Amino acid sequence: MEIKIAHLQNNKLRIMEKINGKKVMVVGGSSGIGLATAKQAKAEGAIVTILGYNPDQTKLIAEENEFNWRVADVTKQETIYETLSDVQQVDHLVLLAGTFVAGPILNADITYLHKAFDERIWGSLHIIRALGTRLSSNASITFTSGVLADRPVPGMAILAAASSAVEALVRGLCLELAPRRVNAVSPGTTDSPLLAKSLGADREIFINSVKDKLPLKRIATPDQVASAILFLMTNEIMTGETIHVDGGQRLV
């Protein structure tokens, strides 16, 4: 038992050494997985900046947790370049912006469906371009895809396509941006504020229906997904990879 505890403590020290004092930017860091990631990075000694959409919420969360903060609509490139214009350096960039975009392709509003790609692909690319060389030469960039990339469902074909595109983009960017590391985390159904907002009163029924199908009989928490993101930040040999944090959801 003492050897196991010592091993865990040594692992934690190694993570702290790699992230302590580093500048971490979490896009979508004012709630859910993003907030959990920002808190975990802060706890390991990182200097954390969150970028959110809602000014009041982002400011409140930042002040409560002693984060730096920025505000931008990631679907509008001018606001991205403006809000990031005076950022000096980013060592770890986490890209979590993305709303729940659903609707059948035959009758859903096409402009609305565009958001799936505007937020996850084009918004992320504009953030990377806006930062440019201010992303440190050995920076990590972590995208977010999702279980829909492997298990699409009716009404979410566009979101599934965007999630798959993220994973393909990661593989290409890890070559193009090297030696910066580029990876993705693919969460399954996660008990987050986004899920609650999307499902409303049906949240509990939906969660229970998903749990029943999963090998582990439970869905992910924001903290569990955030732990995988911190792993990708700090493991210096990981690049071009997608880590699945879904309780086996893509297999059933």
Side-chain angles (χ1 to χ4, degrees), residues 11 15 26-29 31-41 92-103 115-117 119-121 124 140-171 173-174 181-200 202-235 237-252:
N11 282 341
I15 290 174
V26 183
V27 180
S31 67
I33 295 169
L35 179 55
T37 302
K39 286 181 175 180
Q40 288 187 25
H92 299 285
L93 175 63
V94 183
L95 298 161
L96 286 155
T99 52
F100 187 74
V101 179
K115 287 180 64 177
F117 280 84
E119 293 170 339
R120 290 164 177 79
I121 300 295
S124 295
S140 76
I141 303 171
T142 306
F143 284 78
T144 313
S145 60
V147 70
L148 287 173
D150 297 288
R151 300 289 290 179
V153 297
M156 297 185 192
I158 298 300
L159 190 53
S163 297
S164 293
V166 165
E167 296 179 10
L169 181 63
V170 160
R171 293 191 292 273
L173 287 182
C174 82
R181 296 182 298 106
V182 187
N183 294 289
V185 63
S186 177
T189 302
T190 303
D191 195 2
S192 67
L194 178 61
L195 185 70
K197 182 179 179 181
S198 302
L199 297 176
D202 296 328
R203 170 186 167 278
E204 199 66 31
I205 295 172
F206 175 79
I207 287 177
N208 287 334
S209 70
V210 173
K211 284 179 178 179
D212 287 343
K213 299 174 185 176
L214 297 181
L216 299 182
K217 304 302 180 185
R218 61 183 184 271
I219 65 171
T221 67
D223 278 329
Q224 288 167 335
V225 181
S227 294
I229 293 172
L230 253 71
F231 168 75
L232 291 173
M233 278 189 205
T234 57
N235 189 304
I237 200 63
M238 294 291 292
T239 194
E241 295 294 341
T242 297
I243 288 185
H244 301 274
V245 190
D246 62 8
Q249 189 171 355
R250 73 193 185 284
L251 305 175
V252 297

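Keep in mind it's a predicted model, so treat the numbers as computed, not measured.
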Nearest 0.5 Å please: distance from the [atom1] atom of [X] over to the [atom2] atom of [Y].
| X | Y | atom1 | atom2 | value |
| --- | --- | --- | --- | --- |
| T221 | I33 | OG1 | CD1 | 9.0 Å |
| R120 | L96 | CZ | CG | 10.5 Å |
| K115 | F100 | NZ | CZ | 12.0 Å |
| S140 | M233 | OG | CE | 6.0 Å |
| M238 | T142 | CE | OG1 | 10.0 Å |
| Q249 | H244 | CD | NE2 | 12.0 Å |

So, [X] side chain and [Y] main chain: donor-acceptor pair closer than 3.5 Å or not?
| X | Y | value |
| --- | --- | --- |
| Q224 | V245 | no |
| T189 | I219 | no |
| N183 | T242 | no |
| T190 | G188 | yes |
| R181 | G240 | no |
| Q40 | L230 | no |
| K211 | K217 | no |

Next on the checklist: Suppose we screen for salt bridge (Lys or Arg N to Asp or Glu O under 4.0 Å). Which residues come up paired with R250, at least two apart in sequence or across chains?
Outcome noted: D246
Where [X] and [Y] come nearest, the two heavy atoms and their spacing:
| X | Y | answer |
| --- | --- | --- |
| A149 | E167 | CB-OE2, 3.7 Å |
| G248 | L214 | C-CD2, 4.4 Å |
| F117 | A165 | CE2-CB, 3.9 Å |
| A116 | A162 | O-CB, 3.6 Å |

Item to check | side chain to side chain contact (heavy atoms under 4.5 Å, CB included) partner of T144, the single match among S163, S124, S186, P187 | outcome: P187
Checklist outcome for this item: From the list V185, L173, V94, side chain to side chain contact (heavy atoms under 4.5 Å, CB included) partner of F143 resolves to L173
Next on the checklist: In the structure I gave you, are the side-chain heavy atoms of D150 and L148 within less than 4.5 Å of one another anywhere?
Outcome noted: no
Checklist entry - With R218, which residues qualify under side chain to side chain contact (heavy atoms under 4.5 Å, CB included), at least two apart? => result L216
